[in-house]
Amino acid sequence: MSKRIYLDHSSTTYILDEVYDEMIKYLKTFFGNPSSFHSFGREVRKTVEESRERVADVISAEPREIYFTGGGTEADNTAIKGIAYANQSKGNHIITSKIEHHAVLHTCEYLEKKGFRITYLPVDKYGTIDIDALRDTITDKTILISIMHVNNEVGTIQPIEEIGKIAREHNIYFHTDAIQSFGKLPIDVNKMNIDLLSASSHKIYGPKGSGALYIRKGVRIEPLIHGGHHEMNKRAGTENVPGIIGFGKASEIAKKDMENNAYKGIGELRDYLQKGITEKIADVFVNGHPEKRIPVILNVCFKYIEGESIILKLDGKGIAASSGSACTSGDLEPSHVLFAMGVDTALAQGTVRFSLGKKNTKEEMDEVLSVLPGLIENLREMSPFSAEFEFPREAGPRVKHKH
Ligand SMILES: *Cc1c(COP(=O)(O)O)cnc(C)c1O
């Protein structure tokens, strides 16, 4: 088998060499506890604080507004539960969307059991949230709006600045899960009126289990984890120093990449792949917004077959992609995102997400384009779902978030 091709960067990325080189020193040589006053501690503290500056720089925040967490999921949990519990006296209503990552959706479902009321906003066929519906659902009990910046399955970019403006006008906190956009799209937390923002290191060529929550200064949250005075009393526990250093370095590189327009080239590759797939294969549909879409994601439905079987066949050829979202694959429920977008349930079964990264090449896209049409044809020949096959309505996903 020739070299493997990785097209699943939205699930996770490899660590860049520069990131690794920086981290490794803090696993061995600089092992001190950043809370210690002696030189072992101080030399580590200094680099942790430099990392905080590097992360803050990506979103035009102040370093003291950045709180390191154990990843993106923890940042989402801290933001949503933290605001909910700190503002119970003001109200119990939270607005989010039907297409959020499960880190947000399941946190909101948990809060529903604790007496909070959650509105899950609908989206249009491109996966863009309905701004008018957002305005209409705001009440004097609304304490938080949590809407993701870029959807991890289809790549659609939400009108974050507009949402921030509405939240500010109504004096409601605004949190955004920016895990797919952080370091890839320009973000200015002040211009966009963002009060809380989640970021994750392993989606931008940093280590796993490392992330950050931006909390605008003056915004109070109830901490999730209690203990020592770490992270300005908002997240107790001795810092994951190598993880933080790696995230800092990855953030610095991501910012330079954005300034050098690195994602333009990746976007061109994505478009090349999209054009090839839609030209070479019949009965294919591209999901997500045609323009307002992050340049790294291509989500396509292949009619009459299952995404899982396409992934397996691709894997057999050394090509890694994912069916819908990595977190939901394994259960055969169609994606909640595609369902909210109104994609036909039968069609949504045959979904593949290709997500590109910095090292992908045109030759790799050509390899995918030479392998995929035959593979799809074979699967369709074997498919029990003939062209006439109609999924029974009950086969649709359980409607968990209907309001
Ligand atoms: C990956 C991802 C998360 C979870 O982040 P982890 O660091 O893996 O916990 C949350 N939201 C979105 C949109 C993601 O893509």
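Both counts, for ligands and for their atoms, begin at 1 and track the order of listing.
- When only modelled atom types and interatomic distance are considered, R353 and N287 share no side-chain donor-acceptor pair under 3.5 Å.
- Qualifying salt bridge (charged side-chain N to carboxylate O under 4.0 Å, His left out) partners for K275, counting only residues two or more places apart in sequence or in other chains: E279.
- Among protein residues, G71, G72, T73, D76, H101, M148, N152, D177, I179, Q180, S200, H202, K203 come within 4.0 Å of ligand 1, judged on heavy atoms.
- For R54 and D57, the salt-bridge test fails: no basic side-chain N is under 4.0 Å from an acidic carboxylate O.
- Classification of E161 and K165 as a salt-bridged pair fails, no side-chain N sitting under 4.0 Å from a carboxylate O.
- When only modelled atom types and interatomic distance are considered, E100 and S97 share a side-chain donor-acceptor pair under 3.5 Å.
- Both tests do not hold together for K292 against Y126: distance to the six-membered ring centre under 6.0 Å, angle to the ring axis within 45°.
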